[in-house]
Amino acid sequence: SECKCQDILIADDDPFQHLYYETFFQKSPGLKEKRGKGETLKLDLNTCGEDMIKKFSALHLKCHCKKLKMIITDYQMGQDKLNGAQTAEKLRVLGYLGPILLRTSEVKADLIEKHPELEKTVNCIIDKSTIKEGEETIVRYLKTKEDSGKAEC
């Protein structure tokens with residue numbers, strides 16, 4: 001059967017952030033050169049880490065297509081829901097080896113103090129308030145993934 005896997009999995013409980021991601025991945029000048037005419041990256045937007053983990057398990061673990069380019073997760077996704085650190089840890093346990101970017105409004109040092117495993121499970125912590133730098137980081141990770149290199153945070 002035809003592969004139905006996405007290029008990018010995203011978990012964020014804020015609907016505005018979903019709109020942001022859809023717009024960014026369609027319009028970003030840094031990504032246009034990597035796409036063919038009319039081609040877009042296939043996103044899967046989730047409101048919590050649990051849903052994203054289910055999608056990853058249902059599609060990517062079974063398909064083995066290696067189409068998944070990256071995972072982006074918010075840190076705080078509501079009470080009684082996995083946070084981004086927990087989500088990243090579960091994805092690594094499931095065998096995901098690609099880049100995981102954590103976008104957050106939290107202070108990076110505080111997050112690492114709360115979750116020391118972040119330095120092993122997450123490739124980069126992106127401050128949501130630095131939109132341009134965050135977008136440049138996402139583009140850099142996508143380009144190095146396609147070039148089989150390693151990006152810097």
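Note that these values count all heavy atoms, side chains included, but never hydrogens, waters or copies made by symmetry.
Of all non-hydrogen atoms in Tyr141 and Cys153, the two that sit nearest each other are OH-N, 3.9 Å. The nearest pair of heavy atoms linking Ile8 to Leu41 is CD1-CD1, 3.9 Å. Nearest heavy-atom pair across Ala58 and Lys62 is O-CD, 3.3 Å. Of all heavy-atom pairs between Thr137 and Cys124, the closest is CG2-SG, 3.7 Å. Contact record, Ser57 with Leu94: OG-CD1, 3.5 Å, taken as the closest heavy-atom pair. For Ala11 against Met52, the heavy-atom pair with the smallest separation is CB-CE, 3.7 Å.
Remark: Glu106 engages Tyr75, Thr104, Leu111, Lys114 in a side chain to side chain contact (heavy atoms under 4.5 Å, CB included) (not counting sequence neighbours).
Checked for salt-bridge contact, Asp44 and Lys55 meet the test: a charged N lies under 4.0 Å from a carboxylate O.
With hydrophobic clusters built from ILVMFWY side chains whose heavy atoms lie under 4.5 angstrom apart, Phe56 does not share a cluster with Leu59. Cluster annotation: Ile71 is connected to Ile53 through the hydrophobic network of ILVMFWY side chains, with a link wherever side-chain heavy atoms come within less than 4.5 Å. Each of Met77 and Leu102 belongs to its own hydrophobic cluster when Ile, Leu, Val, Met, Phe, Trp and Tyr are linked at side-chain heavy-atom distances under 4.5 angstrom.
Panel note: side chain Gln26, backbone Thr23; no donor-acceptor pair is recorded below 3.5 Å. A donor-acceptor contact shorter than 3.5 Å is absent between the side chain of Asn46 and the backbone of Cys48. Judged purely by atom type and a 3.5 angstrom limit, Lys90 has no side-chain atom pairing as donor or acceptor with the backbone of Leu82. Counting only distance, with no hydrogens or angles, the side chain of Lys67 and the backbone of Cys5 share a donor-acceptor pair below 3.5 Å.
Taking the side chain as every heavy atom from C-beta outward, Asp13 and Lys81 never approach each other to under 4.5 Å. Looking at heavy atoms from C-beta onward, Asp7 lies out of side-chain contact with Phe25 at the 4.5 angstrom threshold. In this structure, the side chains of Leu9 and Leu43 stay at 4.5 Å or more apart for every pair of heavy atoms.
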Going through the distances and angles, do Met70 and Leu101 end up as a side-chain contact (heavy atoms from CB on, under 4.5 Å)? CA-CA 8 Å; Met70 79 169 44; Leu101 308 181; 3.8 Å; yes
Walk me through whether His115 and Glu89 qualify under side chain to side chain donor-acceptor pair (under 3.5 Å). CA-CA 10 Å; His115 306 281; Glu89 191 170 358; over 6 Å; no
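Applying the 6.0 Å contact sphere to NZ of Lys54 captures no more than 12 heavy atoms from other residues, nucleotides or ligands.
The line from CG of Leu45 to CD of Gln17 is 10.5 Å long, rounded to the nearest 0.5 Å. The structure places CD of Glu50 at 8.5 Å from CD of Gln86, a figure rounded to the nearest 0.5 Å. Rounded to the nearest 0.5 angstrom, Leu97 CG and Leu68 CG are separated by 11.0 Å. Atoms CG and CD1, from Leu118 and Ile100 in turn, are 10.0 Å apart once rounded to the nearest 0.5 Å.
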What donor-acceptor contacts under 3.5 angstrom involve side-chain atoms of residues 125-135, with partners at least two apart or in another chain?
unit_1: Asp127; atom_1: OD1; unit_2: Ser129; atom_2: N; d: 2.9
unit_1: Asp127; atom_1: OD1; unit_2: Ser129; atom_2: OG; d: 2.8
unit_1: Asp127; atom_1: OD2; unit_2: Ser129; atom_2: OG; d: 3.1
unit_1: Lys128; atom_1: NZ; unit_2: Asp12; atom_2: OD2; d: 3.2
unit_1: Lys128; atom_1: NZ; unit_2: Asp74; atom_2: OD1; d: 3.1
unit_1: Thr130; atom_1: OG1; unit_2: Asp127; atom_2: O; d: 2.9
unit_1: Glu135; atom_1: OE2; unit_2: Tyr20; atom_2: OH; d: 3.0

